[in-house]
Amino acid sequence: MNVRYIVELTEDEREGLRERLGRGTERARKHTRAQILLACDRGLSDEETAQVLGCGTATIYRVKKRFVEEGLDAALSDRARPRPERKLSGREEAVLIALACSKPPTGRKCWTLELLAGEVVQLVDHDSISRETVRRRLSENDLKPWQKKMWCIPCVDAEFVERMEDVLDLYAETPDPKRPVVSFDEKPYQLIGETRASVRAKPGQPARIDYEYTRNGTVNIFVMVDAHRPWRHAKVTDQRTSIDFAECMRDLVDVHYPNADVIRVVLDNLSTHRAKNLYDAFPAPEARRILRRLEFHHTPKHASWLNMVEIEIGVLSGQCLDRRIPDRAMLEVHVDAWSAARNRDGHRINWMFRVDDARRKLGHAYPKPLFDTPLPAAA
């Protein structure tokens, strides 16, 4: 037989509960229990309270029972629940972690929760292990065997440091129209055509494209960006040969910077990015004329992040190229429009990594003789 519990609050208890509700910082369960106690104190039945608060009568009965038997604080608080016994022992958990850090089975690219659960069962004394048990143990050890991060460890030798600090000094220079600094690189692009006409978006319905497409070959996009002013230029070519590179360098000298005394070009170590390639493309007098106006500064190997144009190529890809473009002519129209708009709006790259920053962050990897003098203090 159910015992009838009567809730009778003192004036201090009523004020305390109203204050709790007014603050609005209590957890939802405590908020509901406080409302239950106030409603029962006003004389509402369990059914009426349940209808008003949207909870079950069993919940109301338990709150009233704990208030009468244990007091106000107990009625508002969660009852401590015994933690279930862990299914995997310490040794068995070590087996799971070692397995997750090993190579996956032949034919699978990575471990999954189901694969791990099935494999661990064969190695420990359990009839079955759920994927949730595996997930929790991996989570506790901050382990996600299906994730991979790509990284590159450069060889920080004297040549790496010399090239890095040379490029960083160029970026930090005061702008000089007679000696501009231009970052240069290229990006391959796959031309993709539609097999069926796409459907435009309309209210309540997104644009739709067919999953089938046609491959129309690849082209190359040379991108150059001024390090000190809001200017960039992109040129579409069929290939990225040494001849194409040489023609881009001639454009820099004759078209884009005809009044500059010397153009400092920052580029990576691709085999086509060499001064000798101009002699492959042009007669010797013409190649010499162009090279007298150029000064090449190569980034260190495995350090493409030092080339400012990589940032601009990322913007180009996200704003312009991430879609299906069927042919070179249309690609040129879109790339030219994108470049013109970026130049017109005055967008430029705000490069903030300096030589002092490099020495503070990478100084531990510098060759020892380079650091006979102390590092500059952080600002």
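Everything numeric here is computed off the predicted structure, so don't read it as measured data. All residue numbers in this chain count up from 1 along the given sequence.
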Taking the side chain as every heavy atom from C-beta outward, state whether L72 and L37 have any pair of such atoms under 4.5 Å apart. yes
Interatomic spacing from CG in L143 to CG in L138 - rounded to 0.5 Å: 5.0 Å
Less than 4.0 angstrom from a charged side-chain N to a carboxylate O is my criterion; do R232 and D226 meet it? no
Without hydrogens or angle criteria, can the side chains of T241 and D244 be said to hold a donor-acceptor pair below 3.5 Å? yes
Sequence neighbours excluded, the answer for ring pair (Phe, Tyr, Trp, His ring centres under 6.0 Å) partners of W351 is Y171
Quick one: do the H334 and E332 side chains pair a donor with an acceptor below 3.5 Å? no
Starting at OG1 of T237, measure out to CD1 of I221 and round the result to the nearest 0.5 Å. 9.0 Å
Could R354 and D357 be called an ion pair, given the rule that one side-chain N must be under 4.0 Å from one carboxylate O? no
Using the rule given for side-chain hydrogen bond (donor to acceptor under 3.5 Å, both in side chains), can you reason through D46 versus T49, listing the C-alpha separation, both sets of side-chain angles and the distance that settles it, and then say yes or no? CA-CA 5 Å; D46 291 359; T49 303; 5.5 Å; no
Quick one: does S317's side chain have a donor or acceptor within less than 3.5 Å of a partner on I313's backbone? yes
Under 3.5 Å, is there a donor on one side chain and an acceptor on the other for H228 and E173? no
Could you tell me whether K301 atom NZ has more than 12 heavy atoms of other residues or ligands within 6.0 Å of it? no
Do NZ/NE/NH1/NH2 and the carboxylate oxygens of D261 and R179 come within less than 4.0 Å? no
Distance-only, no hydrogens or angles: does the Q51 side chain make a donor-acceptor pair with backbone N or O of E48 under 3.5 Å? no
Between the side chains of E132 and R136, is the shortest nitrogen-to-carboxylate-oxygen separation below 4.0 Å, so that they form an ion pair? yes
Flag the pair K235 and D251 as a salt bridge only when some basic side-chain nitrogen lies within less than 4.0 angstrom of an acidic carboxylate oxygen. yes
When you measure from the side chain of R328 to the backbone N and O of V236, does any donor-acceptor pair fall under 3.5 Å? yes
Quick one: are D327 and N216 in side-chain contact, heavy atoms under 4.5 Å? no
Between H256 and H233, how do the two ring planes meet: parallel, tilted or perpendicular, split at 30° and 60°? tilted
Could you identify which residues cluster with L278, counting Ile, Leu, Val, Met, Phe, Trp and Tyr as linked when any side-chain heavy atoms lie under 4.5 Å apart, either directly or through a chain of such contacts? V182, F184, F222, M224, W231, F245, M249, L252, V253, Y257, I263, V265, L267, Y279, F282, I290, L291, L294, F296
Counting only heavy atoms not in D345 (residues, nucleotides, ligands), do more than 12 fall under 6.0 Å from its CG? yes
Keeping W111 on the side-chain end and K144 on the backbone end, is there a donor-acceptor pair under 3.5 Å? no
Could you go step by step and tell me if H347 and E312 meet the side-chain hydrogen bond (donor to acceptor under 3.5 Å, both in side chains) rule? CA-CA 10 Å; H347 293 292; E312 195 68 19; over 6 Å; no
Salt-bridge contact E93-R86 (side-chain N to carboxylate O under 4.0 Å): yes
Give me the other members of the hydrophobic cluster that V255 sits in, counting Ile, Leu, Val, Met, Phe, Trp and Tyr linked by side-chain heavy atoms under 4.5 Å, directly or via other members. none
Ignoring hydrogens and geometry beyond distance, is a side-chain donor-acceptor pair present between W305 and E310 at under 3.5 Å? no
